[in-house]
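Below, all heavy atoms of this structure are taken into account, side chains as well, without hydrogens, waters or symmetry copies.
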Amino acid sequence: MSAVNRRKFLYLLSSATLIFTSRDSNAGGTPVPWEAVRKIDMKGGLKVFWNVYGGDNKKNQQYAAEHGLKISDILNTFVDYPGGQKENIYNFLEKNRQNPWLKPTFFEKTIRKNIKGAEHDGIILVHDIEFEFSKDVEKAWQNPSIRKSANAKNLKDFSEKYYREWASWFYLPCKWSKEMNPGKQVGIYGPQVFDRDYWGFTRPAELEKGHQLDLKLWKHIDPYVDFYVASIYVFYDLPDSIYYMAANVEENYQRSRQFGKKPLYTYVWLRYHPSAQKLSEQEIAPYLAEAMAIVPFFTGAKGTVLWGWEPKATGQYYHNLPIFMNALGRVADLSAKIASAQLIIDRPAHELWRNKQPLVRKYKVSASEWVVMAVFPWQEESDRKIVATNCGSQSVKLEIRGKHTEIYHLKAGVLRRM
């Protein structure tokens, strides 16, 4: 078989995996090589980043770049690998989760050393800073030493200063990154304008209460970041997971607009999160891989970061990468239009989730041109559902096949499935 015919065969083989005949995403065999994976070309400012580390790290970075993915760097900002963890900030935090003014003496030293030693192949740098601190402001106010550090007049003043000081643990690394690497875009994987939620969306009365403190912290961080991050790693092989993705992206997108127009990027992973018990770190189901590639771009994201950790693997790591990239390709084909179009969110994703209704999102390119996404994962793979939606003054009917995430392009009255 010639090299050209082999590439065609491999591409057709990868495309065939779009037919979801099985929920088993961990079938035996080796994942198809990069040559069988679709290349993409995102336009209009939309982006897809590769942030997967593994046994063939540099080789996979090269392949990813050749396939249209940008390289992203992530930094475990508080650790101290060179110093044998003697000046690890997380270790210090184990004994202090209540006094934000009590930073370790090596706080700046450790962070600057890590920034200097980090890989800087990517066009963005993400500080991975994840720790819990006490949200009990009244308890902190009652502590004489903490109250003295705050120099606050009253509890209200103390509360404002308390969150601002905790915010400095997150924004100072971003500030120093900008000083040390001018021009590099910087963000945080950790707290956000809306912290990730799952089942909270099914209990709306509790949702706002559970996230009322997010903004108190974030408003101090926002001036130091160039983009927002919504983490939508998957925990369950359930239809709910698609609505979870949409709801988290939408909440971050809508809240972040009060600060300006910085882009929102989602963090995705082609494996189930380690906390998923029986599914832990298995590859996600094919229908979720497809949705993960498409849904963020129709709920407010301007880009997505594919993260992964495959230290013992070689070659192309994922069985579902062809599905993911094919789905991204369908977005890319219309990316120039999507990037400048108006996103229409008729009803919140969490409302559609609770009522088990189809998730439909639309981009208005012009009065006569629209791009529409539709998905209804509650049905079986063999089922078909017709959904009617209004695109301006025109009503159109969309067919949703099984658990597929569909994209339609409507122009001058002609509807085309992408």
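- Because its NZ or CZ atom is both nearer than 6.0 Å to the ring centre of Phe133 and within 45° of the ring axis, Lys135 counts as a cation-pi partner of that residue.
- Counting only distance, with no hydrogens or angles, the side chain of Asn114 and the backbone of Thr77 share a donor-acceptor pair below 3.5 Å.
- With salt bridges taken as basic N to acidic carboxylate O contacts below 4.0 Å, none links Glu160 and Lys156.
- In terms of the side-chain hydrogen bond (donor to acceptor under 3.5 Å, both in side chains) criterion, residue partners of Tyr228 (sequence neighbours excluded) are, by chain and number, Asp222.
- Inter-residue side-chain proximity for Leu270 and Tyr317 is flagged as unmet; no heavy-atom pair is nearer than 4.5 Å.
- Met245 and Met292 get closest at one heavy-atom pair: SD-CA, 3.8 Å.
- For the pair Asp226 (side chain) and Val186 (backbone), a donor-acceptor distance under 3.5 Å is present.
- Looking at Ser256 and Gln192, their side chains never come closer than 4.5 Å, going by heavy atoms from C-beta outward.
- Across all non-hydrogen atoms, the minimal contact from Trp269 to Ile284 is O-CD1, 4.1 Å.
- Put simply, the side chain of Asn96 gets close to the backbone of Asn99: a donor and an acceptor are under 3.5 Å apart.
- Side-chain polar atoms of Lys216 and Ser159 form a donor-acceptor pair below 3.5 angstrom.
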Listing, residues 64-74 side-chain donor-acceptor contacts under 3.5 Å, not counting sequence neighbours, or none:
from, atom 1, to, atom 2, distance (Å)
Glu66, OE2, Gln62, NE2, 3.3
His67, ND1, Tyr63, O, 2.9
His67, NE2, Trp34, O, 2.9
His67, NE2, Val37, O, 3.1
Asp73, OD1, Gly122, N, 3.3
Asp73, OD2, Asp121, N, 3.1
Asp73, OD2, Gly122, N, 2.9
Asp73, OD2, Lys184, NZ, 3.2

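- Using a 4.5 Å heavy-atom threshold, the side chains of Leu155 and Val137 count as touching.
- Contact between Leu288 and Leu238 at its shortest, heavy atoms only, is CD2-O, 4.2 Å.
- Taking the six-membered ring for Trp and the full ring otherwise, the centers of Tyr363 and Phe298 sit less than 6.0 Å from each other.
- In this model, a donor atom of one side chain and an acceptor atom of the other lie less than 3.5 Å apart for His409 and Glu369.
- With sequence neighbours left out, Phe92 forms a ring pair (Phe, Tyr, Trp, His ring centres under 6.0 Å) with no residue at all.
- Residues Lys113 and Lys116 are not in side-chain contact: their nearest non-hydrogen atoms beyond the backbone lie 4.5 Å or more apart.
- Within the 4.5 Å cutoff, the side chain of Leu410 has no heavy atoms near those of the Val372 side chain.
- Every side-chain contact (heavy atoms from CB on, under 4.5 Å) that Ser134 has, sequence neighbours left out, goes to Gln98, Asp136, Tyr162.
- Within 6.0 Å of the CD atom in Gln258, the count of heavy atoms belonging to other residues, nucleotides or ligands exceeds 12.
- Around CZ of Arg384, the count of heavy atoms belonging to other residues, nucleotides or ligands within 6.0 Å exceeds 12.
- In this structure, Glu138 places its CD atom where only 12 or fewer heavy-atom neighbours from other residues, nucleotides or ligands lie under 6.0 Å away.
- Using a 4.5 Å heavy-atom threshold, the side chains of Arg354 and Pro204 count as touching.
- Of the residues listed (Phe131, Tyr224, Tyr163, Trp176), the one engaging Phe170 in a ring pair (Phe, Tyr, Trp, His ring centres under 6.0 Å) is Phe131, and it is the only one.
- Among residues two or more places apart in sequence or in another chain, the side-chain hydrogen bond (donor to acceptor under 3.5 Å, both in side chains) test is passed with Lys103 by Glu165, Ser168.
- For His273 (side chain) and Ser275 (main-chain N/O), a donor-acceptor pair under 3.5 Å exists by modelled atom type.
- Residues that satisfy the side-chain contact (heavy atoms from CB on, under 4.5 Å) test with Thr202, not counting sequence neighbours, are Trp199, Trp353.
- Every residue meeting the side-chain hydrogen bond (donor to acceptor under 3.5 Å, both in side chains) condition with Ser231, not counting sequence neighbours, appears here in chain and number order: Tyr189, Arg196.
- No donor-acceptor pair closer than 3.5 Å links the side chain of Glu406 to the backbone N or O of Met373.
- For Lys385, there are no salt bridge (charged side-chain N to carboxylate O under 4.0 Å, His left out) partners two or more places apart in sequence or in a different chain.
- Pro377 pairs by the side-chain contact (heavy atoms from CB on, under 4.5 Å) definition with Pro239, Ile242, Tyr243, Tyr287, Val375, not counting sequence neighbours.
- Considering only heavy atoms from C-beta on, Thr299 stays 4.5 Å or farther from Thr266 through its side chain.
- For the side-chain contact (heavy atoms from CB on, under 4.5 Å) test, residues two or more places apart in sequence or in another chain that qualify with Glu94 are Arg97.
- Tyr267 has its ring centre no less than 6.0 Å from the ring centre of Trp307.
- The ring of Tyr236 has its center closer than 6.0 angstrom to the ring center of Tyr198.
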Using residues 392-400 as the side-chain source, report each donor-acceptor pair under 3.5 Å to any protein atom, sequence neighbours left out, with the distance given to one decimal.
from, atom 1, to, atom 2, distance (Å)
Glu399, OE1, Arg417, NH2, 2.7

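- No close placement of the Phe194 and Trp218 rings is indicated, their centers lying 6.0 Å or farther apart.
- Of the possible donor and acceptor atoms, one in the side chain of Asn88 sits under 3.5 Å from a partner among the backbone N and O of Asn91.
- You'll find the side chain of Ile345 reaches within 4.5 Å of the side chain of Gln254, heavy atoms only.
- The two atoms that bring Val360 and Thr389 nearest to each other are CG1-OG1, 4.0 Å, heavy atoms only.
- The side-chain hydrogen bond (donor to acceptor under 3.5 Å, both in side chains) search around Asn57 returns none, not counting sequence neighbours.
- For the ring pair (Phe, Tyr, Trp, His ring centres under 6.0 Å) test with Trp169, the passing option among Phe107, Trp101, Tyr90 is Phe107; the others fail.
- In terms of heavy atoms, Gln316 sits closest to Asn60 at CA-OD1, 4.1 Å.
- Listed here is the closest heavy atom pair of Ala349 and Ala247: CB-N, 3.8 Å.
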